[in-house]
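Report on one structure; see the data block that follows.
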Amino acid sequence: EAGVTQFPSHSVIEKGQTVTLRCDPISGHDNLYWYRRVMGKEIKFLLHFVKESKQDESGMPNNRFLAERTGGTYSTLKVQPAELEDSGVYFCASSQMGGPHGEQYFGPGTRLTVT
Amino acid sequence: QQPVQSPQAVILREGEDAVINCSSSKALYSVHWYRQKHGEAPVFLMILLKGGEQKGHEKISASFNEKKQQSSLYLTASQLSYSGTYFCGTEMGGTGGFKTIFGAGTRLFVKA
């Protein structure tokens with residue numbers, strides 16, 4: 001069974017540019033999460049989809065971040081325009097069950113560097 | 001509220017034991033433990049749901065205290081492969097359901 005995949009693995013962009021990150025969850029997993037880890041700090045929750053609906057987007061930093069999940073399958077996270085503080089590793093995770101019982105499977109992450 | 005992990009980092013020799021703690025000021029629904037090796041995805045280790053619960057996974061085990069405010073991860077007879085950053089994740093309920101809040105991580109380095 002294929003795991004969670006993310007694309008690209010690395011992205012280096014200039015401040016003010018736009019970047020779109022993609023996540024393909026494990027097939028059949030309705031729950032999809034986005035997280036961000038800044039060097040040496042915690043894995044910070046960004047948002048949670050259940051199928052195509054945003055269940056919780058309380059962790060999204062500001063309106064420069066837009067997440068979508070078309071048809072409840074893959075998800076994209078767009079940053080527009082990017083700022084220096086957006087740099088970090090963006091992880092996507094999926095789970096079959098949501099809530100406190102759901103074991104989450106993480107993707108390898110996209111390392112975003114904004115210069 | 002982010003759970004507090006301690007210690008921040010630990011260096012062990014192969015075969016030594018370690019304990020990583022994760023605590024919260026409020027009772028938690030559950031605690032998840034993950035390990036992330038450098039440049040890789042965090043990998044799920046185990047989840048604890050009930051107060052007083054203990055679980056084991058090979059030589060790695062964890063406990064959740066009765067008040068569900070603290071969890072500890074025990075690494076016994078550590079191996080080189082145990083090196084990485086360990087995160088505890090706790091569930092916070094809200095209007096949108098549950099979300100996982102992770103601690104800042106504990107860096108574990110096992111040397112030969």
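Reminder, nothing fancy here: chain letters follow the sequence lines and each chain counts from 1.
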Output field: ring centroids B:Phe102/A:Tyr35 closer than 6.0 Å: yes
Gap separating the SG atom of A:Cys23 from the CZ atom of A:Phe91, nearest 0.5 angstrom: 12.0 Å
Interatomic spacing from OG1 in A:Thr76 to CD in A:Glu68 - rounded to 0.5 Å: 5.0 Å
Pair A:Arg22 + A:Asp24: basic N to acidic O under 4.0 Å: yes
Which atoms of B:Gln2 approach chain A - backbone, side chain, both or neither, heavy atom under 4.5 Å: side chain
Part of B:Gln36 lying under 4.5 Å from any heavy atom of chain A: side chain
Residue-level interface, residues 13-21 of chain B with chain A, non-hydrogen cut-off under 4.5 Å: none
A:Tyr105: ring-ring contact (aromatic ring centres under 6.0 Å, His included) partners, not counting sequence neighbours: A:His29
Per-residue contact mode, A:Arg37 against chain B (heavy atom under 4.5 angstrom): side chain
Contact check, side chains of B:Tyr74 and B:Ile60, non-hydrogen atoms, under 4.5 Å: no
Side chain to side chain, A:Leu46 and A:Pro61, heavy atoms closer than 4.5 Å: yes
Options B:Ala104, B:Gly103, B:Pro42, B:Gly89, ranked by heavy-atom pairs under 4.5 Å with chain A, top entry: B:Pro42
Stepwise side-chain hydrogen bond (donor to acceptor under 3.5 Å, both in side chains) check, B:Ser83 with B:Lys37: CA-CA 7 Å; B:Ser83 293; B:Lys37 292 182 180 287; over 6 Å; no
